[in-house]
Every structure is written in C-alpha cells, then in structure tokens.
Number of protein chains: 2
Amino acid sequence: MTAVGLAVARRRNAEATRQDILDAARCRFACEGYDRAGLREIAADAGVDAALISRYFGGKEELFAAVLAATANAAELFHGTREDFAARMAHMMVREPQADTKLDSILIMLRSASSPRAAEASRRLGDSRFFEPMAQWIGGADAEVVARLLGALMMGMGVSRAINPDFSLGEAELDQLEGRLRGMILHTLSAGRP
Amino acid sequence: MTAVGLAVARRRNAEATRQDILDAARCRFACEGYDRAGLREIAADAGVDAALISRYFGGKEELFAAVLAATANAAELFHGTREDFAARMAHMMVREPQADTKLDSILIMLRSASSPRAAEASRRLGDSRFFEPMAQWIGGADAEVVARLLGALMMGMGVSRAINPDFSLGEAELDQLEGRLRGMILHTLSAGRP
DNA sequence: TGTGGAAGTCATCAATTGTTGACTTAGGGT
DNA sequence: ACCCTAAGTCAACAATTGATGACTTCCACA
C-alpha cells in the first residue's frame with residue numbers, strides 16, 4: 001500500500017522504471033490481490049506501457065515474485081521487549097490507517113491466497129522472511145509454533161480490517177480491542193516461559 | 001468445501017437444480033474465491049449449462065449473495081462451555097482436513113476479500129450470521145470486541161492453512177500448536193471475567 | 001392427445017487480460 | 001554528425017469470462 005510516485009519526466013532510465021513498476025505492482029497487489037491487479041493498471045500507475053512489464057519481468061507471475069522478494073523485509077517488525085512488541089503490534093493492527101509498508105507482504109499474502117501459484121510463491125517467501133525472523137526473535141523451544149500462532153493472528157486482523165475497516169466497532173470499543181489484542185499477543189508470547 | 005453430488009438423471013426439477021447450483025457455487029467460492037470461480041465450472045459441477053445460472057440468479061454477484069445467504073449458519077459452532085468451545089475450535093482449525101462445511105462461510109469471506117462487491121456482501125452477512133451469534137454466545141459487556149478478536153484468530157488460522165496446509169510444522173509441533181491455540185482462545189474468552 | 005409454458009441448451013457477443021512482435025525514439029560513443 | 005543499441009510505444013492476438021437471446025425438449029393439464 002505504498003504511495004506511488006508519478007514517475008514524471010524521468011525517461012530512458014531502465015533501473016528507475018523497473019523500480020516504479022515494482023512500487024506500483026506492490027501497491028496494486030496489496031490492495032487488490034494477484035488476480036484483480038491488472039498489468040495495464042499497474043503500468044498506468046507506473047507511467048509506462050503495459051508491454052514493458054512482460055518485457056522486464058517475463059510475465060505477471062515473475063513480477064509477483066519480484067515484488068515479494070523486494071518487499072518482504074518484515075524482519076524489522078520484530079524487536080524490543082515482549083511488552084513493547086505486543087503494544088506496537090496491537091496498535092498497528094487496530095489503529096494505523098492502512099497499516100504500514102512493512103505489512104504489505106502480509107496483505108499481499110492474504111489477498112492472493114486464492115491463486116495457487118501466487119500462494120505458493122508467497123508461502124515460500126513468507127516462511128523465510130516473516131516466520132523465520134519472527135521465530136528467531138521469539139526464541140525458545142517452541143518459537144516456531146508461537147510464530148505461527150501470532151502470524152495467524154496478525155493475518156486474521158489484517159483480513160478482518162480489509163473486509164471491515166472499523167470492525168463495526170465504535171471508538172471506545174476499538175480501544176478495548178487494542179488493549180485485548182495486546183494482552184492476547186503478550187499471553188501467547190509469554191505462555192510457559194520465564 | 002462441500003462435496004457436490006453428480007446431479008445425475010434428476011432433470012426438469014427447478015428447485016433441485018437451483019440447489020445443485022448453490023452447492024457447486026459454494027464449493028467453488030470456498031475453494032477459489034469469488035474471482036477465480038468461473039460460472040462455467042460451477043455449472044459443470046452442478047451438471048447444468050452456464051446460462052442457467054444467470055437465468056436463475058440474475059448474475060454472478062447475485063449467485064454469490066445467494067450462496068452466502070444459504071451457507072452462513074455458523075451459529076451452531078457456538079455452544080458448550082468455554083473450555084469445550086476452545087478445544088473444539090483449536091482442533092478444527094489445526095487438525096480437520098479441510099475444515100468443515102460450517103467453516104465454508106469463513107473460507108468464502110477470506111478468499112473473496114479482494115473483490116470489493118463480494119467483500120461488501122460477505123461483510124454484511126458475516127456480521128449478522130457469524131459475529132453476532134458469536135458475541136451472543138460469549139456474552140458480557142465486551143462480547144463484541146472479544147468476538148472480533150476470536151473471529152480474526154479463526155480467519156487467520158484459515159488463511160494460514162489455506163496458504164500452507166501443514167503450517168510447515170511436524171506432527172509433534174502441530175500438537176503443540178493445537179494446545180497453544182486452545183489456550184489462546186480460552187484466555188481471550190476468559191480475560192477479565194469470572 | 002395435443003398444446004402452452006417452463007426447463008434447459010446452444011451459439012454468440014462484448015469486454016477484459018496477459019502476452020507478443022513490429023515499430024519508433026532517444027542518446028551516448030566513435 | 002552518424003548510427004547502433006537499448007528504452008519505450010502501439011496494435012493486435014488468443015484465451016477467458018459473464019451475459020444474452022433464440023432455439024429445443026419435456027411435462028402437466030385441459
């Protein structure tokens with residue numbers, strides 16, 4: 001959900017054009033999912049012709065893979081104390097308007113879950129760039145299990161908000177939601193450990 | 001993800017044909033999402049011509065709405081004690097091969113989240129047929145908030161498993177996952193109440 | 001037993017989408 | 001100043017998809 005620059009008056013620069021395409025594609029994939037994101041619209045956002053995309057990346061699938069590879073550095077999400085992490089995540093999930101660039105990979109994954117090939121690509125990158133750093137940060141014997149749980153919770157919140165931005169809840173209830181989510185994350189992180 | 005009968009040799013029966021179409025459509029929508037589910041494939045599954053669908057339901061969107069309206073009785077999920085519910089849900093989420101017919105509505109929702117109109121339809125029905133019964137079963141002042149949290153968790157587990165059926169985990173770890181998920185649900189259900 | 005209308009099929013249309021190949025244009029090195 | 005190559009555009013194709021109207025077939029009822 002990254003803002004996309006107009007790419008005005010910067011012509012004949014393959015590297016920059018390639019980057020514009022990647023940015024526009026990430027935005028479209030995150031917003032609309034693999035299927036609904038059209039090459040022509042991505043190209044229009046990037047300010048180039050649709051043919052360039054197939055030309056540069058080989059095809060839509062390869063573009064998708066390239067976007068995932070360029071996007072998915074969610075590792076920076078995982079730092080600080082457990083309390084800090086829980087609060088930060090809960091706030092991001094409930095309050096931040098359209099999440100964050102760091103969450104693009106999650107949005108892309110969930111919005112593309114129904115496309116078998118896109119799902120396979122995102123599964124692999126999700127494992128290596130999301131769950132593994134998360135498990136490493138969590139630490140301990142069952143870190144991978146906890147990572148899967150928290151990942152599922154984050155994705156679920158993402159889906160919920162994608163379908164229903166305000167969760168059909170009022171302001172006060174959103175505060176409650178954030179607080180309880182924080183507790184839920186903390187409880188999951190801390191269960192059965194010092 | 002309901003199995004679909006062959007619909008063999010039962011012709012000239014509008015009501016039954018209509019039901020066959022609904023069953024096939026629910027299956028396809030749940031498996032592939034709104035976009036990827038083609039009217040021709042749905043018709044083939046139901047054993048009728050694709051033209052009949054537009055004829056009976058008016059169009060793809062109306063068919064989707066009809067499927068949601070006919071499917072989403074998730075209310076029966078919500079019964080028993082909190083411990084029983086948590087165990088049942090955790091088992092269903094982690095272990096049951098392709099979930100359950102009762103979860104079709106969830107699958108449809110998450111697989112169709114990227115189609116604005118389908119998302120709007122599923123949001124409304126999800127609220128009335130999933131979150132409201134859930135909140136009612138939960139009870140208490142902040143039941144709606146808790147329902148949103150648990151709903152997100154369930155959806156997230158659904159997405160995770162849709163992308164990655166075994167969570168990249170071994171048997172023993174799946175047991176851990178189920179146990180921890182049960183604890184997570186129970187904790188969320190019980191936080192701040194008797 | 002015909003006959004009207006519902007149930008179902010077939011052919012086809014219009015729109016969209018990913019992709020390809022031919023074409024044009026810019027710009028730097030000689 | 002030329003020209004060769006890379007960068008970019010344009011037009012078009014083939015496949016798919018949802019939708020529509022004309023046609024055919026079957027059943028119930030008079």
Side-chain angles (χ1 to χ4, degrees), chain A residues 5-29 31-67 111-112 114-118 121, chain B residues 5-29 31-67 111-112 114-118 121:
Chain A
L6 243 310
V8 58
R10 203 223 305 95
R11 295 260 163 96
R12 300 274 158 176
N13 183 338
E15 203 50 43
T17 300
R18 193 185 156 91
Q19 191 58 49
D20 286 344
I21 294 174
L22 278 177
D23 288 341
R26 173 174 48 197
C27 177
R28 287 284 179 176
F29 283 140
C31 290
E32 309 176 354
Y34 181 81
D35 285 320
R36 297 188 78 84
L39 252 36
R40 281 173 175 78
E41 294 155 12
I42 293 174
D45 289 350
V48 298
D49 190 275
L52 257 199
I53 297 185
S54 290
R55 203 162 198 67
Y56 272 33
F57 295 91
K60 194 181 184 183
E61 270 184 51
E62 290 90 335
L63 172 66
F64 186 80
V67 166
R111 288 243 161 83
S112 306
S114 50
S115 314
R117 325 199 53 162
Chain B
L6 243 307
V8 58
R10 202 221 308 92
R11 295 260 163 96
R12 297 276 156 176
N13 182 340
E15 203 50 43
T17 300
R18 195 184 153 90
Q19 191 58 50
D20 286 345
I21 293 174
L22 278 177
D23 288 342
R26 172 174 48 197
C27 178
R28 287 283 178 177
F29 284 141
C31 290
E32 308 176 353
Y34 181 81
D35 285 320
R36 298 188 78 83
L39 251 38
R40 282 173 174 80
E41 295 156 11
I42 293 174
D45 288 351
V48 299
D49 189 276
L52 257 198
I53 297 184
S54 292
R55 204 161 197 68
Y56 272 32
F57 295 91
K60 193 181 184 181
E61 271 185 48
E62 291 90 335
L63 173 66
F64 186 80
V67 166
R111 287 244 160 83
S112 306
S114 50
S115 314
R117 326 199 53 163

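Within every chain, numbering begins at 1; the chains are lettered A, B, ... in the order of the sequence lines, protein sequences first and strands thereafter.
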Participant: Whole angstroms only, please: what is the CZ-C1' distance between B:Arg36 and D:dG18?
Facilitator: 17 Å
Participant: Mark yes or no for whether B:Arg111, through its side chain, and B:Cys31, through its backbone, hold a donor-acceptor pair below 3.5 Å.
Facilitator: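 Yes: the side chain of B:Arg111 pairs with the backbone of B:Cys31.
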Participant: What nucleic acid atoms does A:Ala37 come within less than 4.0 Å of, heavy atoms only: base, sugar-phosphate, or nothing?
Facilitator: sugar-phosphate
Participant: Just verifying a value: how many Å separate A:Arg117 CZ and A:Ser112 OG, rounded to the nearest 0.5 Å?
Facilitator: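 Nearest 0.5 Å value for the CZ-OG distance: 14.0 Å.
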Participant: Rounded to whole Å, please give me the gap between CD in B:Glu15 and P in C:dA6.
Facilitator: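 About 16 Å, once rounded to whole Å.
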Participant: B:Ser54: which residues meet the side chain to side chain contact (heavy atoms under 4.5 Å, CB included) condition with it, sequence neighbours left out?
Facilitator: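 B:Leu39.
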Participant: Please give me every residue in residues 48-59 of chain B whose heavy atoms get under 4.0 Å of an atom in DNA chain D, ordered by residue number.
Facilitator: B:Ala51, B:Ser54, B:Gly59
Participant: Using the test side chain to side chain contact (heavy atoms under 4.5 Å, CB included), find all partners of B:Ala43 that sit at least two apart in sequence or belong to another chain.
Facilitator: B:Val48, B:Ala50, B:Ile53
Participant: Indicate the ring-plane relationship of B:Phe64 and B:Phe29, choosing parallel, tilted or perpendicular according to the 30° and 60° boundaries.
Facilitator: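 Answer is perpendicular, since the angle exceeds 60°.
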Participant: Rounded to the Å, how far apart are B:Lys60 NZ and D:dA19 P?
Facilitator: 8 Å
Participant: Which nucleotide wins on minimum distance to the side chain of B:Arg12, given the candidates C:dA26, D:dG18, C:dG8?
Facilitator: C:dG8
Participant: Closer than 4.0 Å, any side-chain N/O of B:Thr17 to the OP1 or OP2 of C:dG8?
Facilitator: yes
Participant: In whole angstrom, give the distance that lies between atom CG of B:Asn13 and atom P of C:dA7.
Facilitator: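 Distance check: B:Asn13 CG to C:dA7 P gives 9 Å.
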Participant: About how many Å separate CZ of A:Phe57 and CD1 of A:Ile21, when rounded to the nearest 0.5 Å?
Facilitator: 5.5 Å
Participant: Take atom CZ of B:Phe64 and atom C1' of D:dG18, then tell me their distance rounded to the nearest Å.
Facilitator: 16 Å
Participant: Output the rounded distance in Å from CZ (B:Arg40) to C1' (C:dC10).
Facilitator: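 Taking CZ of B:Arg40 and C1' of C:dC10, I get 12 Å after rounding.
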Participant: How close or far is atom C1' of C:dT16 from atom CD1 of A:Ile42, stated in whole angstroms?
Facilitator: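 Rounding to the nearest Å, CD1 of A:Ile42 and C1' of C:dT16 are 15 Å apart.
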Participant: Do A:Leu22 and A:Leu63 come close enough that some side-chain heavy atom pair is under 4.5 Å?
Facilitator: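 Yes - at least one pair of side-chain heavy atoms lies under 4.5 Å apart.
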Participant: What is the separation between atom CD on A:Glu61 and atom C1' on C:dG18, rounded to the nearest whole Å?
Facilitator: 11 Å
